[in-house]
Amino acid sequence: QVQLVESGGGSVQAGGSLRLSCAASGYPYSTFFCMGWFRQAPGKEREGVASINADGVSTSYADSVKGRFTVSKDSAKNTLYLQMDSLKPEDTGMYYCAADPSRRNWCPLLRVRYTDWGPGTQVTVSS
């Protein structure tokens, strides 16, 4: 049974940093496929934040986080990361880790592409 579990969320002041982690388990071939981070603010749709391809070389970011967030993965540890710097109040929301085991490259930030999801971790940024 596949499982994704996020950690690292919390409360921080604007301008601060957080590092989210997502531990993956149950996949027969490590995490050699597309993975991504999504977030959902209260009353809003879940939106894509960042994605990374199978070998960790190709990444994509939402315009709102470019230059501030960095996605990475450690396939040996089956772990996905999201380094978030220069946080803003509008970054507040529940952050979800997601996986698309059917793809290795071209990992768009489209929610419907991802079949496996973690329960989420809350990020709160105060002004």
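Throughout, numbering of the chain's residues begins at 1 and tracks the sequence. Everything quoted here is computed from the prediction, not taken from an experiment.
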Please list, chain by chain and in numerical order, all residues satisfying side-chain contact (heavy atoms from CB on, under 4.5 Å) with S17, sequence neighbours excluded.
Q83, D85
For N78, does its backbone N or O pair with a side-chain atom of D74 as donor and acceptor, under 3.5 Å?
no
Applying salt bridge (Lys or Arg N to Asp or Glu O under 4.0 Å), which residue pairs with at least one partner in residues 54-70 are found, sequence neighbours left out?
D63-K66, R68-D91
So which heavy atom on S51 is nearest to which on Y114, and how close?
CB-OH, 3.6 Å
Share the residues that join Y81 in a hydrophobic cluster, the rule being Ile, Leu, Val, Met, Phe, Trp or Tyr side chains under 4.5 Å apart at the heavy-atom level.
none
Does K73 use its side chain to pair, donor to acceptor, with the backbone of A54 at less than 3.5 Å?
yes
Any residue meeting side-chain contact (heavy atoms from CB on, under 4.5 Å) with Q3, in chain and number order, not counting sequence neighbours:
V5, S25
Considering residues at least two apart in sequence or located in another chain, which fulfil the side-chain contact (heavy atoms from CB on, under 4.5 Å) criterion with S11?
T124
Evaluate the side-chain proximity of E47 to R39: yes if any heavy-atom separation is below 4.5 Å, no if none is.
yes
With sequence neighbours left out, the residues meeting ring-ring contact (aromatic ring centres under 6.0 Å, His included) with W117 are F38
Non-hydrogen side-chain atoms of T121 and S7 separated by less than 4.5 Å
no
Listed once per pair and sorted, the salt bridge (Lys or Arg N to Asp or Glu O under 4.0 Å) pairs that draw on residues 10-33, sequence neighbours left out:
none
Between the CG atom in L110 and the CG atom in D100, the distance rounded to the nearest 0.5 Å is 10.0 Å
If a pair satisfies salt bridge (Lys or Arg N to Asp or Glu O under 4.0 Å) and one of its residues is in residues 104-119, list it, with sequence neighbours excluded.
none
Connecting only ILVMFWY residues whose side-chain heavy atoms lie within less than 4.5 Å of each other, what is the rest of I52's hydrophobic cluster?
V2, L4, V12, L18, L20, Y27, F33, M35, W37, V49, Y61, V65, F69, V71, L80, L82, M84, L87, Y95, V123, V125
Filter on disulfide (SG to SG under 2.5 Å), then keep only pairs touching residues 3-91, sequence neighbours left out; what's left?
C22-C97, C34-C107
If every non-hydrogen atom of P89 is compared with every non-hydrogen atom of S127, which pair is closest and at what distance?
CG-CB, 3.9 Å
Could you pull out all residues at least two apart from Q40 that satisfy side-chain contact (heavy atoms from CB on, under 4.5 Å)?
R46, Y96
Who pairs with K44 by salt bridge (Lys or Arg N to Asp or Glu O under 4.0 Å), at least two apart in sequence or on another chain?
none
Under 3.5 Å: donor-acceptor pair, side chain of T79, backbone of K77
yes
